[in-house]
Engineer: 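Got a structure for you, questions after.
Note on naming: letters A, B, ... go to the chains in the order of the sequence lines (proteins, then strands), and numbering restarts at 1 for each one. Every value quoted in this text rests on a predicted model; they were computed, and no experiment measured them.
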Number of protein chains: 2
Amino acid sequence: MPHRAVVPITAEGLKTACSQCNLQELCLPFGMSDGDINQLDGLIGARRKVKRHQHLYRVGDTFEAIYAVRTGSFKTDVLLEDGREQVTGFQMSGEIIGLDGISTDAHTCNAVALEDSDVCIIPFANLETLSREVESLQHQFHKVMSREIVRDHGVMMLLGSMRAEERLAAFLINMSQRFTARGFSAAEFHLRMTREEIGSYLGLKLETVSRAFSRFQENGLIKVQQKHIRIVNIGGLKALLSHLPSV
Amino acid sequence: MPHRAVVPITAEGLKTACSQCNLQELCLPFGMSDGDINQLDGLIGARRKVKRHQHLYRVGDTFEAIYAVRTGSFKTDVLLEDGREQVTGFQMSGEIIGLDGISTDAHTCNAVALEDSDVCIIPFANLETLSREVESLQHQFHKVMSREIVRDHGVMMLLGSMRAEERLAAFLINMSQRFTARGFSAAEFHLRMTREEIGSYLGLKLETVSRAFSRFQENGLIKVQQKHIRIVNIGGLKALLSHLPSV
DNA sequence: TGAGGCGTTTGATCCACGTCAACCCGCTTG
DNA sequence: CAAGCGGGTTGACGTGGATCAAACGCCTCA
């Protein structure tokens with residue numbers, strides 16, 4: 001795989017206005033006043049399309065911007081020298097990618113599109129400048145970063161202390177909630193990632209993920225058809241989580 | 001090895017001046033100019049002593065400040081309903097605790113002192129105000145948050161993709177580096193946490209941690225005496241990490 | 001339309017780590 | 001001084017998930 005040079009900026013150099021975006025409630029502007037949001041419009045750089053399996057950025061790329069997912073979805077991952085991969089997260093519309101790069105001015109993980117996707121480029125220098133002027137933006141950005149830390153703690157809990165079926169139940173419940181927040185069905189959705197990627201995220205092998213899916217189906221918790229999931233008994237899934245070691 | 005006396009302790013309840021603190025290089029002011037650091041002096045609230053096993057904050061406490069560890073050390077953890085604990089991190093002098101609270105204005109994990117400790121209280125509202133005025137502070141704070149995210153990704157890698165001995169080797173190398181950065185020996189140090197806490201952090205049971213320590217000792221990598229660790233062969237430890245699945 | 005490939009499922013077997021249990025050591029406390 | 005206790009080590013054994021392997025369904029593309 002040849003390393004992509006910089007972005008061959010495609011024709012759609014269209015800027016996106018936060019003030020007119022229907023993802024406001026899920027994205028950086030969440031909770032800001034209309035007036036403050038208007039000030040964001042100058043902040044967002046061009047959009048960028050990323051095709052399925054293409055990288056938005058790679059480990060080592062110099063850090064210049066963070067990205068807000070507009071359409072599609074991504075995974076972020078880190079690699080060990082021997083090729084082992086750890087997926088650190090899946091990102092959907094409205095979510096922010098790239099915060100890892102701030103610490104060293106270079107990205108420390110890879111971001112790969114799971115499907116043809118579309119992001120808003122938020123030049124970081126501009127974001128810092130504007131958030132010195134717009135208090136609500138500053139505060140909102142801090143919340144976004146903190147939320148990422150809290151999310152990571154949740155994943156650490158999952159990886160460190162849960163068994164396979166608990167992990168997968170937590171994953172499904174989380175996906176369901178995020179689809180719901182985006183106006184999709186809470187009970188029926190299409191996973192964009194493979195069993196192997198789910199497994200990497202959950203610290204499991206793909207066979208184990210597959211078996212857990214099958215078990216859930218046998219137990220009437222869900223219906224699985226490849227990547228299409230229908231949750232039949234959400235209560236049952238949640239019970240898997242809060243359960244004492246299943247006496 | 002006795003703990004080196006880090007700070008000429010001034011009287012109790014005194015505010016701490018960042019401009020005169022010898023932890024500058026490890027703490028929030030890192031990389032800021034002397035002039036900018038002087039502006040921090042007004043920011044820091046009182047200090048607070050926390051005795052061994054006492055909480056600095058608990059899940060649910062309203063979020064008002066972040067903390068910089070001055071002396072001693074802490075663990076942060078989250079709990080599952082059934083009592084399972086996941087240690088999410090260990091913090092040493094100069095490191096910042098409490099960033100998890102920003103996202104919801106309430107803390108989402110517990111912070112417990114591992115030994116009698118001492119923190120600087122940094123009222124968060126003040127920090128946001130000042131960082132709108134002092135660009136270097138703003139940038140530095142963003143780096144601190146990002147570094148926490150990157151660190152969490154490392155832990156996820158560890159929990160999701162490494163085997164027991166790799167995890168412990170990574171832990172020891174990390175501890176060694178952090179002690180070194182604080183002017184202590186890289187090869188010989190005193191762990192402040194129990195085997196159970198290490199295990200919780202690494203996603204292992206305490207027996208497994210103990211056995212891995214013993215194995216390392218058998219193999220001439222380290223010397224263990226309870227909490228006292230001496231690294232004999234750091235290269236060997238590092239090799240455990242970069243090794244292909246030990247063919 | 002057929003062939004090849006990727007992703008997934010499922011079965012059989014293995015093993016790293018968990019579990020259970022005994023014991024040791026150093027500290028504290030009456 | 002003994003008794004109690006928290007932390008650590010070590011051994012025997014069990015098991016959840018990894019590994020190895022086979023087969024299947026769906027999708028792409030010639």
Engineer: Expressed as a whole number of angstroms, how long is the span from B:Leu158:CG to C:dC17:C1'?
Structural biologist: 15 Å

Engineer: Do A:His228 and A:Glu188 have side chains that get closer than 4.5 Å, going by heavy atoms?
Structural biologist: yes

Engineer: Between the side chains of B:Arg151 and B:Glu95, is the shortest nitrogen-to-carboxylate-oxygen separation below 4.0 Å, so that they form an ion pair?
Structural biologist: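 No, this pair does not count.
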
Engineer: Nearest whole angstrom, please: distance from the P of C:dC17 to the CG of B:Leu204.
Structural biologist: 7 Å

Engineer: Would you mind telling me which residue lines up with the more 5' stretch of DNA chain C, A:Met193 or A:Arg163, judged by nearest nucleotide?
Structural biologist: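 Its nearest nucleotide lies further toward 5', so the answer is A:Met193.
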
Engineer: Tell me: CD of A:Glu165 to P of D:dA18, nearest whole Å?
Structural biologist: 13 Å

Engineer: How many Å lie between CD on A:Glu207 and C1' on D:dT19, as a whole number?
Structural biologist: 7 Å

Engineer: Is the shortest side-chain N/O distance from B:Lys227 to OP1 or OP2 of D:dG8 below 4.0 Å?
Structural biologist: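 Affirmative; the distance criterion is met.
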
Engineer: Taking the nucleotide of DNA chain D with the nearest heavy atom to each, does A:Met162 or B:Phe213 sit closer to the 5' end?
Structural biologist: B:Phe213

Engineer: Would you please indicate if the ring centroids of B:Tyr201 and B:Phe90 are separated by under 6.0 Å?
Structural biologist: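 Yes, they do, as the ring centres are separated by less than 6.0 Å.
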
Engineer: Could you tell me how far apart A:Arg167 (CZ) and D:dG16 (C1') are, to the nearest whole angstrom?
Structural biologist: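 It is 11 Å, rounded to the nearest whole Å.
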
Engineer: Report the distance from atom NE2 of B:His228 to atom C1' of C:dG26, rounded to the nearest whole Å.
Structural biologist: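 So the NE2-C1' distance, B:His228 to C:dG26, works out to 17 Å.
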
Engineer: Kindly indicate whether the side chain of B:Arg211 and the base of D:dG8 share any N or O donor-acceptor pair separated by less than 3.5 Å?
Structural biologist: no

Engineer: What's the CD-C1' distance between B:Gln217 and D:dT10, to the nearest Å?
Structural biologist: 14 Å

Engineer: Looking at B:Arg192 and B:Glu197, does any basic side-chain N land under 4.0 Å from a carboxylate oxygen?
Structural biologist: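 No, this pair does not count.
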
Engineer: Would you please confirm or rule out a distance under 4.0 Å between OP1 or OP2 of C:dT10 and any side-chain N or O of A:Ser214?
Structural biologist: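 It does, given that an N or O in the side chain of A:Ser214 lies less than 4.0 Å from OP1 or OP2 of C:dT10.
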
Engineer: Can a salt bridge be assigned to the pair A:Asp116 and A:Lys51 using a cut-off of 4.0 Å between side-chain N and carboxylate O?
Structural biologist: yes

Engineer: Checking all strands, does B:Gly199 fall into the base, sugar-phosphate, or nothing category for heavy-atom contacts under 4.0 angstrom?
Structural biologist: nothing

Engineer: Examine C:dT9: is either OP1 or OP2 under 4.0 Å from a nitrogen or oxygen in the side chain of A:Ser210? Give yes or no.
Structural biologist: yes

Engineer: Which whole-number value in Å describes the distance from A:Arg215 CZ to C:dT10 C1'?
Structural biologist: 12 Å

